[in-house]
Amino acid sequence: MAKASGFFTPSLRTKIRPSIGVSRSGFCLSEGIFKRVVCSSGIESAGTHVSSSQSRIPKLVNKGCKLVGCGSAVPSLSVSNDDLAKIVDTSDEWISVRTGIRNRRVISGKENLRNLAVEAAKKALKMANVEPDDLDLILLCTSTPEDIFGDAPKVLILLDAYLNSNLFMLWQSCKVQRELGCTKSQLAHDITAACSGFVLGLFSASCYIKGGGFRNVLVIGADVMSRFVDWTDRGTCILFGDAAGAVVLQACDAEEDGLLSFDLHSDGEGARHLGAPINDNENGSVLEFPPNRPSYACIQMNGKEVFRFAVRCVPQSIESALEKAGLTASNIDWLLLHQANQRIIDAVATRLEFPPEKVISNLANYGNTSAASIPLALDEAVRSGKVKPGHTITAAGFGAGLTWGSAVIRWG
């Protein structure tokens, strides 16, 4: 998870783990007492939380930030439940009843993560009326980069090529950045936190703007999970799809602040339930030099434990974020959760007493798109007119790490 060094000073030599939060009145660090993750009986989460008002660190810059643009992109190939039934023992009814998913998009041909990220970013910049050279920072939230060293700088180059319609240079631009005419070398880096990545990207962007004086930040959530799916495993291949979503955050006066609060957590003890580790048998040993080139295993998931983790931890995190923002569920226009499973979405909404008509879900059409799921659903809701300027949204991401986090945001 990306760290916001300098803003928070967690206490050492203690079993109390910090719950990072940001409220409208400034940065804060509210401590939560955590229980251990118990593999045999499910994942247990935070028990009690100290009010954010008990521990505050003032803003370094008296600025707010707001969401001014969004965009999304999906691959052209649509894979239905019936298509999957041809390769694994399943059916449309079996999948839809258990997950709520009916279709998902999968990259094919010359499509890749960078292309999706750039297309989503292009749409977000157009809506925000922001030029690429006006950006101070690009954050690419992904766990499936084209390059192990990160893709955000390359997305910046490709974005310039797209916006200038330089189609020939588009495919060569990763090697000839200076020849593309970029006049600024903006900071760009990746954030790896799987399905929680986009929420962490929003938090990081908020820190850069409120604490670092940045003005325009582009946050992209993009993943191509199809590359790490075992398409013979019925338990996982039915869930995942590929997509990208992006938002532009812009500095504003403090009273116009649209990122009202955050609540972020991680616990590595639960990682055994969801991950894609390096294949141990390919690492070599001290007796084998040079070591073999490593590769990553396909996604491995204990669905029951992940479900229990989500329905327990996510509502608590949302309630904490609402408390930090000084709001209640009744003040929120929309609930927007990571699109993992419709049963998780319904369970969380029920626990928080959100009526179905206030829950945003596009899971049926795209499946679980990891870091892309929240901005993808947000973009569709904004462009359809469902989410309007001034609407308040509670968003939550959760998944591999294990990580989970919530944000209370205002659109526009």
>> Treating S317 as the side-chain partner and C313 as the backbone partner, does any N or O pair qualify as donor plus acceptor under 3.5 Å?
In response: no
>> Strictly distance-based, threshold 3.5 Å: is any side-chain N or O of D379 a donor or acceptor partner for the main-chain N or O of G245?
In response: no
>> Does the plane of the ring in F398 sit parallel, tilted or perpendicular to the ring in H338? Use 30° and 60° as the thresholds.
In response: perpendicular
> Side chain of E353, backbone of A329: donor and acceptor closer than 3.5 Å?
Replying inline: no
> Picking from T369, I107, V229, what satisfies side chain to side chain contact (heavy atoms under 4.5 Å, CB included) with V224?
Replying inline: I107
> Do S266 and T403 get their side chains close enough for a donor-acceptor pair, meaning under 3.5 Å?
Replying inline: no
>> Donor-acceptor pair, distance only, cut-off 3.5 Å: does the side chain of Q339 make one with the backbone of N362?
In response: yes
> With under 30° as parallel and over 60° as perpendicular, where do the rings of W404 and F309 fit, or are they tilted in between?
Replying inline: perpendicular
>> Checking the side chain of D267 only, and the main-chain atoms of E269 only, is there a donor and an acceptor separated by less than 3.5 Å?
In response: yes
>> Whether the side chain of R215 engages the backbone of L135 through a donor-acceptor N/O pair (distance < 3.5 Å, no angle test) should be reported.
In response: no
> Between F240 and R104, is there a cation-pi geometry (under 6.0 Å to ring centre, at most 45° from the normal)?
Replying inline: no
> Checking S384 side chain against E380 main chain: does a donor-acceptor pair fall under 3.5 Å?
Replying inline: yes
> Is the backbone N or O of G405 less than 3.5 Å from a side-chain atom of D263, with the two atoms forming a donor-acceptor pair by type?
Replying inline: no
>> Assess, by modelled atom type and distance only, whether the side chains of D230 and T232 contain a donor and an acceptor separated by less than 3.5 Å.
In response: yes
> Distance only, no hydrogens: is a donor on one side chain within 3.5 Å (strictly under) of an acceptor on the other, for T99 and N341?
Replying inline: no
> Looking just at side-chain N and O atoms, do D346 and Q342 make a donor-acceptor pair shorter than 3.5 Å?
Replying inline: yes
